[in-house]
Each structure stands twice: as C-alpha cells, then as structure tokens.
Amino acid sequence: MGRVVTRPVGRPREFDEQRVLEAAMDAFWKRGYEATSLAELCKVTGLNKGSLYQAFGDKHSLFMRALAHYEDREYRAVLAVAAESDSPLENIRAAVRKIIEDAGTR
C-alpha cells in the first residue's frame, strides 16, 4: 500500500484573520448589517471579494464570525478583570464595572 499525501488546496492565507474580523466588526458596528456593503467590507479588510468569500463565506457568515469574535474578546476582557482580586465579591464588582464601562464606549 502506498502512502497518501494530502496537500492544501490553493495558496496559504496571507492575512491576519483576527485583524480582518476586527475591521469587519467595526464596519458592522458603525453602519449596521444592512448598510454595510460587500464593497465596504473589502475596503476595510483589505481583501478582495474572492478572498473574502473564500475565507468567510457570504456576508452573513462574516457577520456571525465577527459577532463571535466580539463576544470572545469581550468575554476575555471581563474574565481578566474578574480574576484580579482574592475577593469573589470584588471580582464580581470589577466585572460589572468593566461591562458598564464598555457599554458606555459604544
């Protein structure tokens, strides 16, 4: 029996997926889902339409990935402040303060 060698199809990605998700997230946040065009997403991410579709699928899929990215980023930020103290009550207070501060900046 011969050994099966698999190779990746296409070129390797030459962009930072987290940076692209940040840029898409900001565009959706500023303009809303409906008002954010594919052309605008290409502009803010620096990807052409084909690369955007290849990496993320359609606009809705990119939106869902950007939303998941935002959720993960915010969760990590709250978790970080919620573990700073030895006091569980102070950790809860710190987490709530962080959530309130973040809500005020958007």
Side-chain angles (χ1 to χ4, degrees):
M1 288 257 153
R3 193 175 97 187
V4 176
V5 177
T6 60
R7 297 175 197 200
V9 178
R11 295 183 352 203
R13 289 187 179 165
E14 296 179 6
F15 61 88
D16 179 355
E17 186 172 303
Q18 299 303 306
R19 188 200 63 74
V20 169
L21 289 172
E22 281 284 326
M25 182 188 73
D26 288 342
F28 286 127
W29 192 274
K30 289 175 187 170
R31 293 167 192 80
Y33 177 80
E34 291 295 327
T36 304
S37 69
L38 187 58
E40 180 66 22
L41 290 168
C42 289
K43 180 180 174 185
V44 300
T45 63
L47 298 178
N48 64 40
K49 189 184 334 181
S51 296
L52 203 61
Y53 277 120
Q54 180 70 31
F56 300 100
D58 60 7
K59 177 180 165 181
H60 183 261
S61 297
L62 176 57
F63 176 76
M64 296 306 290
R65 290 277 304 277
L67 185 59
H69 173 75
Y70 172 77
E71 180 182 56
D72 184 59
R73 186 184 76 177
E74 293 303 305
Y75 171 76
R76 289 175 190 274
V78 170
L79 191 61
V81 299
E84 292 177 347
S85 173
D86 290 333
S87 165
L89 182 57
E90 185 51 40
N91 286 337
I92 291 169
R93 287 181 178 140
V96 170
R97 279 192 301 271
K98 174 72 174 146
I99 292 168
I100 291 169
E101 286 171 11
D102 289 351
T105 62
R106 290 286 181 170

* What's the shortest heavy-atom distance between V78 and K98, and which atoms? -> CG2-CG, 4.0 Å

* Structure fact -> Scanning both residues in full, the closest heavy-atom pair of E74 with D102 reads OE1-OD2, 2.9 Å

* Answer yes if L21 and F15 sit in the same cluster of Ile, Leu, Val, Met, Phe, Trp and Tyr residues linked by side chain heavy atoms under 4.5 Å apart, and no otherwise. => yes

Atom pair [atom1] ([X]) and [atom2] ([Y]), whose distance is rounded to the nearest 0.5 Å:
{"X": "L62", "Y": "M25", "atom1": "CG", "atom2": "CE", "result": "11.5 Å"}
{"X": "L67", "Y": "D72", "atom1": "CG", "atom2": "CG", "result": "11.5 Å"}
{"X": "R73", "Y": "H69", "atom1": "CZ", "atom2": "NE2", "result": "5.5 Å"}
{"X": "R31", "Y": "L41", "atom1": "CZ", "atom2": "CG", "result": "8.5 Å"}

* Asked: Donor-acceptor pair, K30 side chain versus T36 backbone, under 3.5 Å?
  -> no

* Using side chain to side chain contact (heavy atoms under 4.5 Å, CB included) as the criterion, list what pairs up with K49, not counting sequence neighbours. => L38, C42, Y53

* Qualifying side-chain hydrogen bond (donor to acceptor under 3.5 Å, both in side chains) pairs, either residue in residues 78-91, two or more places apart -> E90-R97

* To do: Mind telling me whether Y33 and F63 have parallel, tilted or perpendicular rings, with 30° and 60° as the class edges?
  => perpendicular

* To do: Using a 4.5 Å cut-off on heavy atoms from C-beta on, say whether the side chain of F56 contacts that of M64.
  => no

